[in-house]
Amino acid sequence: MLFLDSSYLIALILENDNYNDKAIELNKIISNETTIINNTVLTEVLNSFNKYNVTQIESIINDLLTLNIDYLTKNDYKKALKYYKYYNTAINFSDCTILVTMNKYKTNQVISFDSDFNKIKGIINISF
């Protein structure tokens, strides 16, 4: 299972993103893999498109909702806070929620253009 980070999804959607070509290439490679996101990533991706019209956003939302989504619980946020404290804020809280989901689904592979994941021992960022 692969966790898809918001930086990858945004690059995949936006043609003018610096990582668009790489995201498209990676998308072809992982097309048969089981993937997951969480509601934090969903919100981050949607917030990045606030400059687009409602019709475009509706289409993006419908596409994103076809993905496997882990909806975080109160307990998950408490676990994320433990990661946040452990990394002494070097990893942002959103990324800590991703670590919780990855742990829950027993995966150590993420697709992200966020280099923060490279700081975490045991995490394989297949984008780099």
Side-chain angles (χ1 to χ4, degrees):
M1 179 170 290
L2 301 171
F3 192 96
L4 307 179
D5 183 40
S6 56
S7 61
Y8 165 74
L9 293 170
I10 292 166
L12 191 60
I13 295 166
L14 292 180
E15 293 176 1
N16 64 344
D17 189 278
N18 291 339
Y19 293 106
N20 179 258
D21 290 338
K22 184 150 186 164
I24 290 170
E25 177 184 321
L26 284 166
N27 195 51
K28 291 174 187 173
I29 294 169
I30 66 161
S31 63
N32 293 323
E33 298 286 336
T34 302
T35 59
I36 192 161
I37 66 170
N38 66 19
N39 54 298
T40 302
V41 168
L42 179 64
T43 301
E44 286 180 333
V45 172
L46 294 176
N47 283 339
S48 71
F49 298 118
N50 63 0
K51 299 173 192 159
Y52 292 81
N53 69 47
V54 175
T55 305
Q56 290 171 309
I57 292 174
E58 184 177 16
S59 174
I60 292 168
I61 291 171
N62 288 332
D63 289 343
L64 291 171
L65 291 176
T66 65
L67 298 171
N68 294 317
I69 304 171
D70 176 44
Y71 292 94
L72 299 168
T73 65
K74 185 186 299 187
N75 194 43
D76 291 333
Y77 286 106
K78 289 178 181 178
K79 289 177 184 177
L81 183 57
K82 287 181 182 180
Y83 280 123
Y84 190 64
K85 288 179 180 178
Y86 176 80
Y87 288 106
N88 197 26
T89 72
I91 307 297
N92 71 47
F93 192 81
S94 293
D95 290 348
C96 291
T97 70
I98 291 170
L99 293 176
V100 169
T101 298
M102 290 176 70
N103 186 47
K104 190 187 306 185
Y105 287 89
K106 301 186 184 344
T107 184
N108 67 341
Q109 296 182 339
V110 62
I111 300 179
S112 177
F113 298 116
D114 178 352
S115 62
D116 281 351
F117 288 104
N118 300 336
K119 299 175 186 175
I120 304 168
K121 185 178 179 179
I123 297 296
I124 300 167
N125 185 350
I126 66 171
S127 303
F128 284 89

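Start at 1 with the first residue, then count along the sequence. All heavy atoms count here, side chains included; hydrogens, waters and symmetry mates do not.
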**OP:** Would you confirm whether N108, through its side chain, and G122, through its main-chain N or O, come within 3.5 Å as a donor-acceptor pair?
**Re:** yes
**OP:** Any chance you could measure L9, atom CG, to N27, atom CG, to the nearest 0.5 Å?
**Re:** 9.0 Å
Original post:
In terms of the angle between their ring planes, are F113 and Y19 parallel, tilted or perpendicular, with boundaries placed at 30° and 60°?
Top reply: parallel
**OP:** Could you go through the side-chain contact (heavy atoms from CB on, under 4.5 Å) check for N39 and D70 one step at a time?
**Re:** CA-CA 6 Å; N39 54 298; D70 176 44; over 6 Å; no
**OP:** Find out whether Y77 and V100 are in side-chain contact, i.e. whether some heavy atom of one side chain is under 4.5 Å from a heavy atom of the other.
**Re:** no
Original post:
Can you name the side-chain contact (heavy atoms from CB on, under 4.5 Å) partners of T34, sequence neighbours left out?
Top reply: M1, N68
Original post:
Looking at L4 and I30, what are the two nearest heavy atoms and their distance?
Top reply: CD2-CD1, 4.0 Å
Subject >> Heavy-atom closest contact (I91 atom, Y84 atom, distance) >> reply: O-CD1, 3.2 Å
Subject >> From I69 atom CD1 to T66 atom OG1, the distance as rounded to the nearest 0.5 Å >> reply: 8.0 Å
Subject >> Heavy-atom closest contact (S48 atom, V45 atom, distance) >> reply: OG-O, 2.6 Å
Subject >> Test item: side-chain donor near acceptor, D5 and S7, under 3.5 Å >> reply: yes
Original post:
Does F117 belong to the same Ile/Leu/Val/Met/Phe/Trp/Tyr cluster as I36, with side-chain heavy atoms less than 4.5 Å apart forming each link?
Top reply: yes
**OP:** Evaluate whether atom OH of Y86 has more than 12 neighbouring non-hydrogen atoms of other residues, nucleotides or ligands under 6.0 angstrom away.
**Re:** no
Subject >> Whether over 12 other heavy atoms sit under 6.0 Å from K119 NZ >> reply: yes
Original post:
Is there a path from Y71 to M102 through hydrophobic residues (I, L, V, M, F, W, Y) whose side chains come within less than 4.5 Å of each other?
Top reply: yes
Original post:
Do I126 and I10 share a hydrophobic cluster (ILVMFWY, side-chain heavy atoms under 4.5 Å, transitive)?
Top reply: yes
Original post:
When rounded to the nearest 0.5 angstrom, what is the spacing between CZ in F93 and NZ in K85?
Top reply: 10.5 Å
**OP:** Might you point out which heavy atoms bring I111 and S127 nearest each other, and give the distance in Å?
**Re:** CG2-OG, 3.2 Å
Original post:
Name the one of I98, L99, D95, I120 that satisfies side-chain contact (heavy atoms from CB on, under 4.5 Å) with Y83?
Top reply: L99
Original post:
Roughly how far, to the nearest 0.5 Å, is OG of S6 from CG of L12?
Top reply: 12.5 Å
Original post:
Same cluster or not: are I37 and L14 linked, directly or through other Ile, Leu, Val, Met, Phe, Trp or Tyr residues, by side-chain heavy atoms under 4.5 angstrom apart?
Top reply: yes
Subject >> Shared hydrophobic cluster for L67 and L26 (ILVMFWY, side-chain gaps under 4.5 Å) >> reply: yes
Original post:
At their closest point, which heavy atom of N20 faces which heavy atom of A11, and how far apart are they?
Top reply: ND2-O, 2.8 Å
Subject >> Residue of the set D76, T101, T43 for which side-chain hydrogen bond (donor to acceptor under 3.5 Å, both in side chains) holds with N38 >> reply: T101
Original post:
Measuring from Q109:CD to I123:CD1, what's the distance to the nearest 0.5 Å?
Top reply: 9.5 Å
